[in-house]
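Below is one structure, written out as C-alpha cells; comments come after it.
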Number of protein chains: 2
Amino acid sequence: MAEKVTAQMVAERAGVSQSAVSRVFTPGASVSARTEKKVREAASALGYRPNVLARAMVSGRSRMIGLVVAYLENQFYPEVLEKLSNALQAEGYHILVFMASQEAGTLDTVVEEILDYQVEGIVLASVSLSSDLASRCQAAGVPVVLFNRSQDIDGISAVTSDNFTGAFQVGQFLLAGEHERIAYLAGWEGASTQRDRQRGFVAALDVAGRRLHAWEDGRFEPSRTADAVRIMFDRSSRPDAVFVAGDQMALIAMDVLRHELGLSVPGDVSVVGFDDVPAASWLSYRLTTVRQQADLMVARCVSTLLRAIETPGAAPERHAIEAPLILRASARIPQGWTQ
Amino acid sequence: MAEKVTAQMVAERAGVSQSAVSRVFTPGASVSARTEKKVREAASALGYRPNVLARAMVSGRSRMIGLVVAYLENQFYPEVLEKLSNALQAEGYHILVFMASQEAGTLDTVVEEILDYQVEGIVLASVSLSSDLASRCQAAGVPVVLFNRSQDIDGISAVTSDNFTGAFQVGQFLLAGEHERIAYLAGWEGASTQRDRQRGFVAALDVAGRRLHAWEDGRFEPSRTADAVRIMFDRSSRPDAVFVAGDQMALIAMDVLRHELGLSVPGDVSVVGFDDVPAASWLSYRLTTVRQQADLMVARCVSTLLRAIETPGAAPERHAIEAPLILRASARIPQGWTQ
DNA sequence: CTGAAAGCGCTAACAA
DNA sequence: TTGTTAGCGCTTTCAG
C-alpha cells in the first residue's frame, strides 16, 4: 500500500511552498499561471487529490449532507434519494445516509450521530423532529430541511407537495364521478402529509355537503392496509370509491379488492392514490393518483438547503409543490372532466 | 449559533487535561473512575460530542464506507441499502452514497471522489470496476467489495447470489413442468449476474439435451423489456415458458403478456423471475422466482468488508449465497415437485 | 503572487 | 493513571 500523497509532497516536487499547492486547488485563489502549471504537473504525476476531511477541519466545510430516511420500501423514497444525491453531487456535496427506525427515540440518536460528522446540512425525509432536537441543530449551526413532512418549528424549512390541494382535487373528482359512498383510507396519523391529505379531501366533500362514508387507517403498512380494506368492505353498504393516502397502500388495496374480495376496479369501486410511484403506471394497476413531483421537490430542497448553508441567518422556507391528479384507469372518469 | 464545544473546553471545566477527555471517549483507554465521572459531567453539561472528522484525521479511521449504486429503480437495491446501512450503523460506520450513471467514465470519477473522503472501505453495488481503478483503491489501502457482481480482479472481494445454481434450478423446474418451448429473457450483457444466470439456465437445458427456443435481451430496462417480449411472442410458435433474468423485467413481461397480448400466465405461458423483489409477491403477480437473500448477502458483505479493514493484508473473499426457488403462481408446478 | 506560521479538534506516544 | 508534546493534511492570515 503506497504512501498517502500529501500537498507537502507535491510542493516539494514542484519546488513551491505547500500553500501554493493549496491555492491551486482552491477555486478563487490567486496563483500565477507558471506556479499553477508546475503544481498541476507534480500533482498528477504523484496522483495527488486533496483530503476532504483535512480541508473540512480548517475550513469548516465538510461537503457532506446528512440524510435521514425511514421507509425505503415506499418506492417514492429511492427515487428521491437518487435525485437528491445527483443534485447534490452536482454541487459538490455528498450524502451521508442514516436510517431511522420509526421509533421516536431513535431519531434523536441518529441526528446526534449526524452532527458528529460535521455535516453542513441535514435533510429529514418522512420523519419529524422534536423541537428540542431542532434547536440542537440550530445551535450547531446546521440547517435542517424537512422533506415530505412539515412542521411549525422555528427555523426549520420544509418542502412538501401541496397535499391539501392535491387531495381536494381528488374529492372533487370523485364527487363529479357521482360516487355515492366515498371512503378514505388513511396513512399513519402522525404524519403531516397524511393529515393534510385527509383535510383536503374532507374539505372537498364538505363543500358539497357530503361526508366520508367510511374511514380506516392503514398506517402506511402493508398488512395493516389489507386488514383495513377488508374491514371497510365487509359491510352491507360498501364504498363505491376510496381515496387512499399513499400509492403503496392503494396498490395493495386494489389487489385485495380484486383478487380477494372479487370486486372490479373501477367497475364496483373507484380507487385513487397519492404519490405516483413507478408501479402505479404498471398495466396491472393503471392507478389514478396524485403525483408528487419528485424533481421539483428535490430541486427546491437543494436550493433551500444551499441557501441556508450560504446565508447562516436566512429565514426558514416552506414550500408546497403543486401535485397534479394523474388520470389512469382505476377510477371512473366523470363525463367531460378536464385536467 | 453557539460555539462549537471542543474537548479542550470540557477539559477546562472538568479540571483535567484535554487528553484525559479524549481517553474517556476512547473505548479501550485507561481512565480512573473519578476522572471519567468529572469528564462525563462536564461533557454532558456542555453538550460535548467528539468530532468524527478530527478523530479521523489523526487515527486514520473515518468511520465511513462509500457506497456506489446505479439502479435504485430496481427494488432490490433500496432493500439492500437499507439493510446495509443498518448493519454498518450497528458497527459504528455510516454510508456515504455515490450515484453512478451507467456510463463507464462516470464510475472512475465517482470512485476518486469517494477516496477523497477518506472512506475506510467501498461497496460497489451492481457496477463493475476497471482493474486500473481497483489498483488505485489498493494503493490507497481502501478495501473494495463488489455486491451482486463479481469480477476476477486481484484483491477485490465479491458477494453475489449463487446465480448459476439458482438459474440451473429454474431450468430443471421448467423442464419438469413439461414445457416445450422454453425461452430466456436476458438482462444487460455486461453484468456478471446476467451471464451466470444465463449459463446456469442453459446448462440445465443442456443436461436434458434441450436448447433455448427463443432469446431476447431486455437490458434490465423497462421499455426495452416490453419490446423484447413483443418480439419474442410475435411468431408462430411462441414460447410456453420464459425465464426472465430479473424480477423488474419479469413483472413487466407478465403485464405485457396478459394485458397487451391477451395471454394467460401461467395458462399459456409460465414466467419465472430472479430477485424476489417485494412486488413479486403482490396478488396481481404472484411471481415464481429465485430469491436473492438480501440479509445473508448484506451480512457477508459487511463481514468481508470489516475483515479487510481490520486485516490490511487479508486475501479477497468471493461469496456466492444460496438462491432458492420460490414457488408462487406464475408458472405451472410439476406434479410432485418438491423443494 | 508567494512563503512562513499558526492552528482546526483530536489521538498517540512519551514521560512523569 | 495522567499530562505534555507532537503532529494528521489542509486553509488562512500575515509579511514580504
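Order of the sequence lines fixes the chain letters, A, B, ..., with proteins taken first and strands second; residue numbering starts at 1 for each chain.
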Given the ring of F25(B), does R40(B) sit roughly above its face, with NZ or CZ under 6.0 Å from the centre of the six-membered ring and within 45° of the axis? yes
Checking [X] side chain against [Y] main chain: does a donor-acceptor pair fall under 3.5 Å?
{"X": "Q89(B)", "Y": "M99(A)", "value": "yes"}
{"X": "S192(A)", "Y": "S150(A)", "value": "yes"}
{"X": "R195(B)", "Y": "G190(B)", "value": "yes"}
{"X": "Q118(B)", "Y": "A56(B)", "value": "no"}
{"X": "T311(B)", "Y": "A308(B)", "value": "no"}
{"X": "E120(A)", "Y": "I65(A)", "value": "no"}

Near-strand residues of [range], defined as heavy-atom separation under 4.0 angstrom from DNA chain D:
{"range": "residues 41-63 of chain B", "answer": "M57(B), V58(B)"}
{"range": "residues 32-40 of chain A", "answer": "none"}
{"range": "residues 10-24 of chain A", "answer": "Q18(A), S19(A), S22(A), R23(A)"}

What's the spacing between E79(B) CD and E73(A) CD if we round to 0.5 Å?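 Result: 9.0 Å between the selected atoms.
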Quickly, which of T160(B), D152(B), T304(B) forms a side-chain hydrogen bond (donor to acceptor under 3.5 Å, both in side chains) with R318(B)? Name it, please. D152(B)
Decide yes or no for [X] and [Y]: does some side-chain heavy atom of the first lie under 4.5 Å from some side-chain heavy atom of the second?
{"X": "V5(B)", "Y": "R13(B)", "result": "no"}
{"X": "L115(A)", "Y": "I122(A)", "result": "yes"}
{"X": "T6(B)", "Y": "M9(B)", "result": "yes"}

Please list, chain by chain and in numerical order, all residues satisfying ring-ring contact (aromatic ring centres under 6.0 Å, His included) with F98(A), sequence neighbours excluded.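 F98(A) satisfies ring-ring contact (aromatic ring centres under 6.0 Å, His included) with H94(B) only.
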Looking at every heavy atom in both I95(B) and L67(B), which two are closest together, and how far apart are they? CG2-CB, 3.6 Å
Taking NZ, NE, NH1 and NH2 as the nitrogens, is one of them in E112(A) or R136(A) under 4.0 Å from a carboxylate oxygen of the other? yes
If you fit an axis to the five pairs at each end of the helix from dC1(C)-dG16(D) to dA16(C)-dT1(D), how big is the angle between those two axes, to 10 degrees?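 It comes to 40° between the two terminal axes.
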Starting at CZ of F25(A) and ending at C1' of dT12(D), how long is that distance when rounded to a whole Å?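 So the two atoms are 18 Å apart, to the nearest Å.
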Students should find this one: the first and last nucleotides of DNA chain C, 5' to 3', lying under 4.0 Å from a heavy atom of chain B. What are they?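 Counting from the 5' end, contacts occupy dG9(C) to dA13(C).
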